[in-house]
Amino acid sequence: MKVAKDLVAASATPIVLGILAEEESYGYAILKRINELSGGELDWTEGLLYPLLHRLERLGHVESSWRSATGERRRKYYRITDRGLAELAEQRRQWDTVVDALKEIWTGLGDHAALPVIPVEGHA
């Protein structure tokens, strides 16, 4: 199954901020963590992640610093800021509202909850 682009875009900020709330990290490790958290269903590219990290940095939600370990190349590490933690809390509140509404709708479907999945042409 491939997650729709609009869902990926809508969830990108809270996912990255949530990962950085766990611990500071660098690009490749963030991509790997997203893949792990989604059981491989979210396979982000650098082209999606880095523009998001740069935007979050401009907004003051994350800070970055370059580091190098012995025998390894330099990596840019990102950490969440207090402003980013506040944004994550707000994103979580909003997502809780959306998820609760979806659960209500899907629970209300009763016997219709097992609706068949019908492939949409071009979205197999």
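One hydrophobic cluster, built from ILVMFWY side chains closer than 4.5 Å, cannot hold both Y50 and W66; they sit in different ones. V8 and L53 fall within a single hydrophobic cluster, where Ile, Leu, Val, Met, Phe, Trp and Tyr side chains are chained together by heavy-atom contacts under 4.5 Å. Hydrophobic clustering (ILVMFWY, side-chain heavy atoms < 4.5 Å, transitive): L59 and I19 are in distinct clusters. Linking Ile, Leu, Val, Met, Phe, Trp and Tyr residues whenever their side-chain heavy atoms come within less than 4.5 Å leaves V99 and V3 in two separate clusters. No path of Ile, Leu, Val, Met, Phe, Trp and Tyr side chains, each step under 4.5 Å between heavy atoms, connects L49 with Y77, placing them in separate hydrophobic clusters.
Closest approach of W95 and P14 over heavy atoms only: NE1-CG, 3.4 Å. When all heavy atoms are compared, the tightest approach of L85 to A21 is CD2-CB, 4.2 Å.
No donor-acceptor pair closer than 3.5 Å links the side chain of T107 to the backbone N or O of E104. Proximity of a side-chain donor or acceptor of S68 to a complementary backbone N or O of R73 within less than 3.5 Å is not detected. Using a distance-only test at 3.5 Å, with no hydrogens or angles considered, a donor-acceptor pair links the side chain of T81 to the main chain of H61.
Contact of the S65 side chain with the Y78 side chain is not registered, since no non-hydrogen atoms from C-beta on lie closer than 4.5 Å. The shortest distance between side-chain heavy atoms of E87 and R92 does not fall below 4.5 Å. The closest side-chain heavy-atom distance from L20 to I30 is below 4.5 Å. Side-chain atoms of I34 and L37, non-hydrogen and from C-beta on, never get closer than 4.5 Å to each other. Residues N35 and L42 form no side-chain contact, since every pair of their non-hydrogen atoms from C-beta on lies 4.5 Å or further apart. Under the 4.5 Å side-chain criterion, counting only non-hydrogen atoms from C-beta, L102 is in contact with W106.
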For this session: Give the intermediate values and the outcome of side-chain contact (heavy atoms from CB on, under 4.5 Å) for residues L17 and V62.
Result: CA-CA 8 Å; L17 289 177; V62 301; 4.0 Å; yes
Exercise. R55 and T13: side-chain contact (heavy atoms from CB on, under 4.5 Å), yes or no, with the steps?
Worked result: CA-CA 10 Å; R55 183 175 65 79; T13 295; 2.9 Å; yes
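Taking the six-membered ring where the residue is Trp, Y28 and Y26 present parallel rings, their angle staying beneath 30° rather than reaching 60°.
To the nearest 0.5 Å, the span separating CD1 on I15 from CD on Q91 amounts to 10.5 Å. S64 OG to H54 NE2: the interatomic distance, rounded to the nearest 0.5 Å, is 7.5 Å. K76 contributes atom NZ, which lies 12.5 Å from atom CZ of R67 (distance to the nearest 0.5 angstrom). Here the CD1-CG distance, from I105 to D100, works out to 11.0 Å after rounding to the nearest 0.5 Å. One finds the CG atom of L31 at 9.0 Å from the OG atom of S25 (value rounded to the nearest 0.5 Å).
Remark: R79 does not engage E23 in a salt bridge, criterion side-chain N to carboxylate O under 4.0 Å. Between E63 and R83, no side-chain nitrogen of the basic residue sits less than 4.0 Å from a carboxylate oxygen of the acidic one, so the salt-bridge criterion is not met.
In this structure, E36 places its CD atom where more than 12 heavy-atom neighbours from other residues, nucleotides or ligands lie under 6.0 Å away.
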